[in-house]
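First up is the structure itself, then whatever we jot down about it.
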There are 2 protein chains.
Amino acid sequence: MAKLKAAPSPQTLCPVARAETVVGDRWTVLVLRELFARNHRFEEIQAYTGGTPQMIAARLKTLEVDGLVTRRVYSKRPLRHEYHLTNKGEAFFPVLFALRAFGETWCKSPREGLSMNYTHLTCGKPAGLGPVCQSCGEPLHRADMVAERTPKYQRERDARWEAFKASR
Amino acid sequence: MAKLKAAPSPQTLCPVARAETVVGDRWTVLVLRELFARNHRFEEIQAYTGGTPQMIAARLKTLEVDGLVTRRVYSKRPLRHEYHLTNKGEAFFPVLFALRAFGETWCKSPREGLSMNYTHLTCGKPAGLGPVCQSCGEPLHRADMVAERTPKYQRERDARWEAFKASR
DNA sequence: CTTGTTGCTATGATTTTCATAGTAATATGT
DNA sequence: ACATATTACTATGAAAATCATAGCAACAAG
């Protein structure tokens, strides 16, 4: 089996490098994206990220070892687990949110527009790309926002799910 | 030579996935860290990140192709280049800042303390871990802050430089 | 007792990474 | 003139990670 390498003991004081040993991997970030999107099952994560089962299994394992994710039994027979974010995992949200802002702003052609819109529950208006609410100026926290996908992006996600299901 | 693979044409609307195709790599992030730290020369980046020359060369090339970095001639004979952030590259700062906050908060033993301290020039006081200034509450921008390393972390950096120089 | 569901693991080809070493172009010192 | 230093890489080969494809295990439902 692939060696299960969690974050190695830190050889630097640099906080960025420390963080990168834990979350500095494309698949890891995509897995976290799905957990933040409240998809907790293995197959959901696999379907929406498009990863191979080994990629997903390996990332979930290291995330668990690194303390960002916990496994929770949701069925005893057959034994099945769901994956949930711990507090440490939740703390990754600002990074994901900043990454999303970068992606929306710099990794799209102008006519594509945004793929996600966040509403700030505190003020009831659009939150924008952060870090503070575009409408009311307050710092944004995940708990105070709801995310909505554009129809086009939602359709892409649905298609991924269908394609995944069809391939079984 | 290693294939020069810049971000492939996007197959998803997800802004996080788009961003990850550009910056979803440990070495890439460390290279960007050095550029934000105003180290613009190849050997500085190599020394402080600890990467092999190929790793650094490859990342700088893809960053250039992806438009986050420009090469600037600083010596005609011999021909030498410096690497600088473009606007797109500068836009990565919030991600790096959030990553640093995550690293400082969740990837250290309690007694290690912070490795870097930012001062908010707007108010003259400590900026904290963001996204808004801990002292005055204003949203933080890179241009309005100065970063200072703790002596211990600075010593680590100096040692890396010395070790690099000694190995040539 | 066959088919479906969910969550993985096994295999082997391909790709990437890493450590070590070396090259190229030029300046600088003796 | 000639050796040494500086800067920025490139070459090589072994080790590790990744990917696509396939398959398995444990049950439930019909």
Side-chain angles (χ1 to χ4, degrees), chain A residues 1-8 11 20-21 24-31 34-35 39-64 69 71-84 161-168, chain B residues 1-8 11 20-21 24-31 34-35 39-64 69 71-84 161-168:
Chain A
M1 198 190 68
K3 194 192 303 172
L4 174 56
K5 183 183 56 182
Q11 28 235 317
E20 280 292 293
T21 60
D25 170 272
R26 202 175 120 69
W27 290 114
T28 299
V29 173
L30 295 181
V31 166
E34 290 311 313
L35 294 176
N39 291 316
H40 301 291
R41 310 266 260 252
F42 191 95
E43 63 167 355
E44 294 172 321
I45 297 168
Q46 198 197 331
Y48 292 124
T49 60
T52 62
Q54 300 94 306
M55 291 288 103
I56 306 306
R59 293 325 184 282
L60 285 169
K61 261 173 207 154
T62 58
L63 282 169
E64 197 187 352
V69 162
R71 294 205 304 168
R72 186 181 297 175
V73 171
Y74 75 88
S75 158
K76 278 231 153 91
R77 320 207 34 189
L79 185 59
R80 296 268 182 274
H81 298 91
E82 282 182 338
Y83 299 90
H84 286 263
W161 182 254
E162 293 309 325
F164 177 78
K165 279 286 154 182
S167 73
R168 300 277 214 119
Chain B
M1 198 190 68
K3 194 190 305 174
L4 174 57
K5 184 183 53 181
Q11 31 233 323
E20 280 291 294
T21 60
D25 171 271
R26 202 175 120 70
W27 290 115
T28 300
V29 172
L30 295 181
V31 166
E34 290 311 314
L35 294 176
N39 291 316
H40 301 290
R41 311 266 258 250
F42 191 95
E43 64 166 355
E44 294 172 323
I45 297 168
Q46 197 197 331
Y48 291 124
T49 60
T52 62
Q54 301 95 305
M55 291 287 103
I56 307 307
R59 291 330 183 280
L60 285 169
K61 261 174 207 154
T62 58
L63 282 169
E64 197 186 351
V69 162
R71 292 205 305 167
R72 188 180 297 175
V73 171
Y74 76 88
S75 157
K76 276 232 156 87
R77 317 204 36 190
L79 185 59
R80 296 267 182 273
H81 298 91
E82 282 181 339
Y83 299 90
H84 286 263
W161 182 254
E162 293 309 324
F164 177 78
K165 279 285 155 182
S167 73
R168 300 190 146 226

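Just so we're on the same page: letters track the sequence lines, and every chain starts at 1.
For A:Gln54 against C:dT11, a side-chain N or O and a base N or O form a donor-acceptor pair under 3.5 Å. The base of D:dT7 lies outside donor-acceptor range of the side chain of B:Glu44, with no N or O pair under 3.5 Å.
Here B:Glu82 pairs with B:Arg41, B:His84 under the side chain to side chain donor-acceptor pair (under 3.5 Å) rule; sequence neighbours left out.
For the pair A:Lys76 and D:dA28, the criterion of a side-chain N or O lying under 4.0 Å from OP1 or OP2 is not met. Remark: A:Trp27 is in phosphate contact with D:dC19, judged by side-chain N or O atoms under 4.0 Å from OP1 or OP2. For D:dT10, one of the phosphate oxygens OP1 or OP2 lies less than 4.0 angstrom from a side-chain nitrogen or oxygen of B:Lys61. Note on A:Tyr83: every side-chain N or O is 4.0 Å or more away from OP1 and OP2 of C:dT6.
Looking at which nucleotide of DNA chain C each of A:Arg80 and A:Ala57 is closest to, the 5′-most match is held by A:Arg80.
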Here DNA chain D, pairs taken as Watson-Crick or G-U under 3.5 Å and shown with ( ), [ ] when crossing and | when to another strand, reads ||||||||||||||||||||||||||||||

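Of the candidates C:dT26, C:dC8, C:dT17, C:dT17 carries the atom nearest the B:Arg59 side chain, counting heavy atoms from C-beta on. Minimum atom distance to the side chain of A:Asp25 is reached by D:dT18, of the listed D:dT18, C:dA27, C:dT6. Checking D:dT10, C:dA27, C:dC8 against every side-chain atom of A:Arg71, the shortest atom distance belongs to C:dC8. When the nucleotides C:dT6, D:dA28, D:dT7 are ranked by their closest atom to the side chain of A:Pro78, D:dA28 comes out on top. Side-chain atoms of A:Pro53 lie closest to C:dC8 of the nucleotides C:dC8, C:dA27, D:dA8.
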